[in-house]
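Being a predicted model, the structure only gives us computed values, none of them experimental. Each residue takes its place number in the sequence, starting with 1.
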Amino acid sequence: MKPRLALIGPGRLGQAVTARLREAGYPISAVIGRDLNKAQAAARFIGAELMATDQLRRCAAAQAILIAVADDAIAEVAGHLHASGLVTPHTLLVHFSGLHPAQILVGPAENPCLALHPLQTFASAAQGKSALEGCTYSLQGDALAVESGQQLVADLGGQAFILPAEMKARYHAAACLVSNYVTTLVAEACQLLAEVDGADELFPRALGPLLQTAVANTLTMGPQQALTGPIVRGDSGTLALHLSTLAEQCPQQLPLYRELARRTLDLAARSERLSKEDQCKLSACLDSRDEPPSLTAG
């Protein structure tokens, strides 16, 4: 028999995870939100319409409480649960923050506490629910909590790894790089192309195949072998033209481009696909603050 679950925080992640767990056979005893209308909508999505409530005391029947609230609210919610006597030594408390350790949930009950974080992004509850299939999750907490977490992840259709508490912030920064900051990078690319006719209709959609292929190659071949472009080819002339054009026409994008180029040069060097001579030329180009004039057709 699967343990009864209560969800606190009926947002996109909470809905996606709880819906999949309900389909895996976990009974849902409460879907709790401060806004009852939002809790009711979440409960309908989850498939537990009668369990919507704005009352925290409805957690009393749950054997595991899923706390899917904003990072800054996790400790406060856990504190209310402990102060209200809703947590017993056998109650599993789970939060989904990639940043905070499980210890943020600890209270006088000395119950198992788990930080369970899916390496996935949740643009909507429906998209997130679908994307959880095959997802990787980090687990951090005491031994009993991690054991329970491994079962939860298996029932979610994912795979898990154990993350030390002291690695949580670095782990979260890594997740931000490949999720949030990739989106920012696409936005910057679109900004460079904003003056193209029909840009609003073309971009970012037109960049999709290029982006998807680059990501797929990186995941299957590894960054060093998947790297393409002027830097790994040793094409310092192209790099110089990029820098001069940005300096003249889009100076706000130049610092970002230059820093990414430096990191790409390091990656190209580690791949052993770039000669020492080309490394020196590219490095000198990046170090120069006097950009060469833009080339013109002649």
Side-chain angles (χ1 to χ4, degrees), residues 11-13 16-17 68 70-72 74 95-102 104 115-124 127-128 130-140 153 156 158-193 203-232 239 242-243 246 250 252-271 273-274 282-283 286:
R12 292 169 291 187
L13 184 153
V17 170
D71 283 6
D72 290 347
I74 293 171
H95 77 63
F96 299 94
S97 170
L99 177 64
H100 292 301
I104 199 172
L116 185 156
H117 182 257
L119 269 170
Q120 190 51 273
T121 186
F122 296 84
S124 71
Q127 171 272 324
S130 175
L132 285 174
E133 183 65 36
C135 181
T136 297
Y137 298 75
S138 67
L139 300 176
Q140 185 270 316
V153 169
L156 285 165
Q159 54 188 355
F161 70 98
I162 298 173
L163 183 70
E166 61 271 17
M167 284 290 297
K168 289 281 289 187
R170 287 171 60 183
Y171 160 81
H172 195 250
C176 285
L177 280 173
V178 300
S179 177
N180 311 145
Y181 299 162
V182 165
T183 300
T184 304
L185 194 60
V186 171
E188 291 291 322
C190 291
Q191 187 64 33
L192 286 178
L193 299 166
F203 306 111
R205 177 181 50 81
L207 297 171
L210 175 63
L211 179 64
Q212 291 162 1
T213 301
V215 170
N217 288 346
T218 301
L219 295 178
T220 56
M221 302 168 64
Q224 293 183 13
Q225 294 307 309
L227 183 62
T228 62
I231 288 180
V232 78
L239 179 61
H242 286 180
L243 293 171
L246 291 178
C250 307
Q252 66 275 19
Q253 265 90 21
L254 182 59
L256 174 64
Y257 184 93
R258 192 190 295 274
E259 181 59 30
L260 289 171
R262 290 188 193 281
R263 301 302 177 96
T264 302
L265 179 56
D266 290 342
L267 179 61
R270 294 198 302 273
S271 76
R273 297 161 57 199
L274 193 63
L282 290 162
S283 182
L286 287 169

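- L192 has its side chain within reach of C250: a pair of non-hydrogen atoms, C-beta onward, lies under 4.5 Å apart.
- With hydrogens and angles ignored, the 3.5 Å screen pairs a side-chain donor or acceptor of T213 with a backbone N or O of P209.
- The two atoms that bring Y171 and G98 nearest to each other are CD2-O, 3.5 Å, heavy atoms only.
- The minimum heavy-atom distance linking A16 with G128 is given by the pair CB-C, 3.7 Å.
- Under the side chain to side chain contact (heavy atoms under 4.5 Å, CB included) criterion, S97 pairs with D71, I74, H95, L99, H100, not counting sequence neighbours.
- In this structure, CD on Q140 lies 12.0 Å from CE on M167, to the nearest 0.5 angstrom.
- Residues A115 and A102 approach most closely at N-CB, 3.6 Å, considering heavy atoms.
- From L119, atom CG reaches atom CZ of F161 across 5.5 Å, with rounding to the nearest 0.5 Å.
- Between L185 and L260 the shortest heavy-atom distance is CD1-CD1, 3.5 Å.
- Rounding to the nearest 0.5 Å gives a distance of 10.5 Å between CD of Q212 and CG of L207.
- R273 places a side-chain heavy atom less than 4.5 Å from the side chain of L227.
- Minimum heavy-atom separation, L286 to R258: O-NH1, 2.6 Å.
- In this structure, the side chains of R270 and D266 come closer than 4.5 Å at one or more pairs of heavy atoms.
- Summarising the geometry, atom OG belonging to S271 is positioned 6.5 Å from atom CD belonging to Q225; distances are rounded to the nearest 0.5 Å.
- For the atom pair L156 CG and L116 CG, the distance stands at 7.0 Å (nearest 0.5 Å).
- The CG atom of L265 sits 11.5 Å away from atom CZ of R263, with the distance rounded to the nearest 0.5 Å.
- Within the 4.5 Å cutoff, no side-chain heavy atoms of I231 are placed close to those of L267.
- Residues that satisfy the side chain to side chain donor-acceptor pair (under 3.5 Å) test with Y137, not counting sequence neighbours, are absent from this structure.
- Side-chain contact check for T121 versus T183: every heavy-atom pair is 4.5 Å or farther apart.
- Side-chain atoms of V215 and V182, non-hydrogen and from C-beta on, never get closer than 4.5 Å to each other.
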